[in-house]
Amino acid sequence: MKMRKRVYGIIVIGADMANWNADFTGRPKQTLDGRYYGSDKAAKYSIRHYWNGKGEKVLYFKRLSNSDKDKGMKFLMLKEAYEKVLGKPLPAKEKKEEVLRTLFEALDVKNFGCAFAVKDFNLSVAGAVQIGQGMNIFDEAMVEMQDILSPFPSGEEETQTSIGKQIHLSEAHYVYPFTVNPGNYDAFEEVVGEGAAYTEHAYEQFKKGAMHGATQLNTVSKYNCYNELSLFVECKEGSLLHLEPLDKMVKMQKLENNIVRYDLKTIEERLEDVKDEIEKVDVFYNPYRVQLDVNSDVITQHNMFEHL
């Protein structure tokens, strides 16, 4: 079923002695003025990883192949991933509409859009779902560095085993803003038909990824990263409401026993002014790590673990 309403919201990801999003030096990403942040790519990767684990069609995801005996194991090229994931050979260059229609079968393309640049094709889709940068709002975040002793030397001439580094943030809480605008695909529908339309299914899967994607990433650096809450402000169908990013309105307070309290009252006050344009507001949160300071008449609260 086609999704016709726009959505605004936030995704909050916590990290304890973890490195949610590192730069190419291995350090947690920082702005020029020293604030820690997570890129939209890190959030999207966690959601793609969640979808891939559920067996959904995810195109933009790193995959290995050893089908070429001469070259051995290698990462799939975009064309190869297209044919493997979507189950269709890339057609002749004059069939761009067919390629575009097929791309929309991938759940990540349906949500985030794509840049599809392979030989004879250069297609770009601005996603219905747009995610901003996730700024850390915990002022006491500190970088922790650990020396790691490898059991192996770094080279054949070395006589000693090598030493590496593992870099973490002591604690961080990243707040990502996002929007969902199904109208981004209207022009594509005119070209390739209803298969390009943003759907209720795609939105529901985005919601689940926004609730559980970070928690299910169990790599060394992201083991203690977890979803804390996700807020969804759904506009009424046909509403032309435009909200500013909601992440700047979130306040937090660290309590005892590693509990974090999120104050969403400023968001509620903003939504009260435009309540005639809004269908509903839901917040899904981790009740074992998070307390909410909200007015339940405006925001409906849900245990995120009851919505897997």
Side-chain angles (χ1 to χ4, degrees), residues 6-15 18-53 56 58-62 78 103-104 106-117 123-138 141 169 172-185 198 202-217 219 221-222 225-233 242-250 252 267 284:
R6 290 184 294 114
V7 184
Y8 296 86
I10 57 172
I11 302 169
V12 184
I13 295 171
N19 194 344
W20 167 245
N21 190 193
D23 61 22
F24 287 112
T25 71
R27 295 180 62 87
K29 284 190 174 179
Q30 286 180 280
T31 61
L32 292 176
D33 61 0
R35 293 178 298 164
Y36 296 106
Y37 74 99
S39 73
D40 63 304
K41 309 302 185 295
K44 290 175 182 176
Y45 174 81
S46 70
I47 295 172
R48 284 187 170 102
H49 180 271
Y50 172 81
W51 290 335
N52 190 65
E56 297 282 356
V58 179
L59 178 59
Y60 288 84
F61 200 72
K62 190 181 291 185
L78 179 54
L103 286 171
F104 274 106
L107 183 59
D108 58 331
V109 175
K110 183 77 83 171
N111 276 283
F112 303 138
C114 68
F116 188 76
L123 302 173
S124 179
V125 177
V129 176
Q130 296 293 328
I131 301 177
Q133 306 301 299
M135 303 306 300
N136 168 49
I137 60 172
F138 185 62
L169 273 180
H173 300 270
Y174 300 95
V175 185
Y176 283 92
F178 71 83
T179 60
V180 182
N181 183 8
N184 281 6
Y185 297 156
Y198 192 65
Y203 174 57
E204 288 302 317
Q205 293 305 313
F206 167 67
K207 287 175 67 176
K208 290 182 179 180
M211 284 187 262
H212 305 293
T215 303
Q216 294 198 10
L217 273 178
T219 64
S221 63
K222 296 178 176 60
C225 297
Y226 45 87
N227 294 89
E228 293 189 312
L229 69 86
S230 293
L231 174 77
F232 302 86
V233 180
H242 287 277
L243 286 175
E244 61 275 20
L246 301 177
D247 57 311
K248 303 297 190 295
M249 304 180 191
V250 179
M252 68 155 287
I267 292 179
F284 300 84

Residues forming a side chain to side chain contact (heavy atoms under 4.5 Å, CB included) with Ala43, sequence neighbours excluded: Ile131, Tyr176
Spacing of CD belonging to Gln130 relative to CZ belonging to Phe112, to within rounding of 0.5 Å: 9.5 Å
Residue pair Ala141 / Leu169: nearest heavy atoms and the distance that separates them: CB-CD2, 4.3 Å
Close side-chain approach of Val180 and Arg6, heavy atoms under 4.5 Å: no
Non-neighbouring partners of Gln205 that pass side-chain hydrogen bond (donor to acceptor under 3.5 Å, both in side chains), sequence neighbours left out: Lys54
Pro28 and Asn19, any side-chain heavy atoms less than 4.5 Å apart: yes
Partner set under side-chain hydrogen bond (donor to acceptor under 3.5 Å, both in side chains) for Asp108, not counting sequence neighbours: Arg48
Rounded distance [0.5 Å steps], NZ in Lys44 versus CZ in Phe61: 15.0 Å
Pairing residues for Phe138 by the ring pair (Phe, Tyr, Trp, His ring centres under 6.0 Å) criterion, not counting sequence neighbours: His173
Separation between CE of Met135 and CZ of Arg35, rounded to the nearest 0.5 Å: 4.0 Å
Min side-chain heavy-atom separation Val129-Thr179 under 4.5 Å: no
Main-chain N/O of Gly113 paired with Tyr60 side-chain donor or acceptor, under 3.5 Å: no
Residue pair Asp33 / Thr31, side-chain donor-acceptor N/O under 3.5 Å: yes
Proximity of Tyr185 and Phe104 rings by center, below 6.0 Å: yes
Where Gln133 and Ser39 come nearest, the two heavy atoms and their spacing: OE1-CA, 3.2 Å
Over all atoms of both residues, closest heavy-atom pair of Gly132 and Asp40: O-CB, 3.7 Å
Check: Phe284 main-chain N/O paired with Ser230 side-chain donor or acceptor under 3.5 Å: no
Minimum side-chain heavy-atom gap Leu123-Leu103 below 4.5 Å: yes
Centroid-centroid distance, Phe178 to Phe232, less than 6.0 Å: yes
Approximate separation, where rounding is to 0.5 Å, of Glu56 CD and Lys110 NZ: 12.0 Å
Would you list the atom pairs, donor with acceptor, under 3.5 Å between side chains in residues 207-214 and any protein atom, with sequence neighbours excluded?
residue: His212; atom: NE2; partner: Met304; partner atom: O; Å: 3.4
residue: His212; atom: NE2; partner: His307; partner atom: O; Å: 2.9

Close side-chain approach of Ile10 to Leu229, heavy-atom, < 4.5 Å: yes
Tyr45/Lys41 under side chain to side chain contact (heavy atoms under 4.5 Å, CB included): CA gap, chis, key distance, verdict: CA-CA 6 Å; Tyr45 174 81; Lys41 309 302 185 295; over 6 Å; no
Contacts of Thr25 that satisfy side chain to side chain contact (heavy atoms under 4.5 Å, CB included) - sequence neighbours left out: Asp23, Arg27
Audit row: Tyr198, Asn111, side chain to side chain contact (heavy atoms under 4.5 Å, CB included) steps and yes/no: CA-CA 8 Å; Tyr198 192 65; Asn111 276 283; 2.7 Å; yes
Pairwise side-chain contact, Asn21 with Tyr174, heavy-atom cut-off 4.5 Å (strictly under): no
Spacing of Leu217 atom CG and Trp20 atom CH2 [to the nearest 0.5 Å]: 5.5 Å
Nearest-0.5 Å distance that lies between atom CD1 in Ile137 and atom NZ in Lys248: 11.0 Å
Minimum heavy-atom distance between Leu78 and Ala117, given as atom pair plus value: CD2-N, 3.9 Å
